Amino acid sequence: MSLKNKKRFLKDLTIIVPSYNRQNYLIRLIKYWRDTGVKLIILDGSSTNLKKNIKILDKNIKHIHFPSSLYKRLYYSIKLIKTKYVMLGCDDEFYVSSSLAECVKFLSLNKDFVACTGRAISFNFKNNSIIANNIYPLLKN
């Protein structure tokens, strides 16, 4: 997929990320998505407001300090979503933007589908080596 098409599909996607007391993960996540154009909404239920500690937010990223239950934060997010597609993400995982664009493309071309998923790889450090493990091998193809 060309960069132009990838950006075209990703503009229709919002990633919702609930988090709680994981500021280091959030800073890493914000740096990852900054300058990509992907709409990222962080629903931070932490007792400490992360905004005091960061200056790296981009126009595509909203950090909302909302110390309440997960359910209240997710319900609140409904009125924040302005895109055609939405994804519930995690604060400790990285998503490949070209794969997300392929998912949005698939859903936009296949109106009878309401969701799609992908595969994952976990990385661990063992014996001075990085080990990759295929997660969800049944989702291949």
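Hydrogens, waters and symmetry mates play no part in the numbers below; they use all other heavy atoms, side chains included. Numbers here are sequence positions counted from 1. Since the model is a prediction, treat every value here as computed from it, not as a measurement.
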*With sequence neighbours excluded, residues passing side chain to side chain contact (heavy atoms under 4.5 Å, CB included) with T117*: L139
*Gap separating the CD1 atom of I27 from the NE2 atom of H63, nearest 0.5 angstrom*: 9.0 Å
_Partners passing ring-ring contact (aromatic ring centres under 6.0 Å, His included) against Y25 (at least two apart in sequence or in another chain)_ = none
*What about Y75 and I64, same hydrophobic cluster or not, with Ile/Leu/Val/Met/Phe/Trp/Tyr joined at side-chain heavy-atom distances under 4.5 Å?*
no
*Apply side-chain contact (heavy atoms from CB on, under 4.5 Å) to the pair T36 and L10, showing each step before the final yes or no.*
CA-CA 9 Å; T36 65; L10 289 179; over 6 Å; no
*How many angstroms lie between atom SG of C116 and atom CG of L107, to the nearest 0.5 angstrom?*
4.0 Å
*Could you name each residue pair satisfying side chain to side chain donor-acceptor pair (under 3.5 Å) that touches residues 93-102, not counting sequence neighbours?*
K6-S97, E93-Y95
*What residues, two or more places apart in sequence or in another chain, satisfy side chain to side chain contact (heavy atoms under 4.5 Å, CB included) together with N110?*
F106, D112, F113
*Would you name the heavy atoms of S77 and L74 that are closest together and state the gap between them?*
OG-O, 2.6 Å
*Does a side chain donor of either S46 or D44 reach within less than 3.5 Å of an acceptor in the other side chain?*
yes
_Point-to-point distance, once rounded to the nearest 0.5 Å, from CH2 of W33 to CG of L29_ = 8.0 Å
*Got a sec, which hydrophobics cluster with Y20, joining ILVMFWY side chains under 4.5 Å apart, including via others?*
none
*Give a yes or no on whether the backbone of V38 and the side-chain of N60 come within a donor-acceptor separation of less than 3.5 Å.*
yes
Distance-only donor-acceptor hits, side chain of residues 78-89, under 3.5 Å, sequence neighbours excluded:
| residue | atom | partner | partner atom | Å |
| --- | --- | --- | --- | --- |
| K82 | NZ | K79 | O | 3.0 |
| T83 | OG1 | T14 | N | 3.3 |
| T83 | OG1 | T14 | OG1 | 2.7 |
| T83 | OG1 | Y85 | O | 2.8 |
| Y85 | OH | S108 | N | 3.3 |

*How is the hydrophobic cluster of I121 composed, in terms of its other members, when Ile, Leu, Val, Met, Phe, Trp and Tyr link through side-chain heavy atoms under 4.5 Å apart, directly or indirectly?*
F123, F125, I130
*Set of residues satisfying side chain to side chain contact (heavy atoms under 4.5 Å, CB included) with respect to N24, sequence neighbours excluded*: none
_Could you work out, with side chain to side chain contact (heavy atoms under 4.5 Å, CB included) as the rule, every residue matching Y71, not counting sequence neighbours?_
S69
_salt bridge (Lys or Arg N to Asp or Glu O under 4.0 Å) partners of residues 12-26, not counting sequence neighbours, each pair once_ = R22-D91, R22-D92
*To the nearest 0.5 Å, how far apart are CD1 in I15 and SG in C90?*
11.0 Å
*So, for L70 and P18, which heavy atoms are closest and what is the spacing to 0.1 Å?*
CD1-CB, 3.5 Å
*Hey, mind stepping through S19 and L43 against side-chain contact (heavy atoms from CB on, under 4.5 Å) and telling me if it holds?*
CA-CA 6 Å; S19 186; L43 302 169; over 6 Å; no
*Report the C-alpha separation of K105 and R8 in whole Å, then their side-chain angles, then the decisive distance to 0.1 Å, and conclude whether the side-chain contact (heavy atoms from CB on, under 4.5 Å) test is met.*
CA-CA 9 Å; K105 177 182 176 183; R8 180 172 64 102; over 6 Å; no
_Pairs involving residues 59-74, ordered by first then second residue, that meet salt bridge (Lys or Arg N to Asp or Glu O under 4.0 Å) (sequence neighbours left out)_ = none
_Can you tell me which residue among I61, L13, I16 is in a side chain to side chain contact (heavy atoms under 4.5 Å, CB included) with L40?_
I61
*Report the residues that fulfil ring-ring contact (aromatic ring centres under 6.0 Å, His included) with Y76, sequence neighbours left out, ordered by chain and then residue number.*
F66
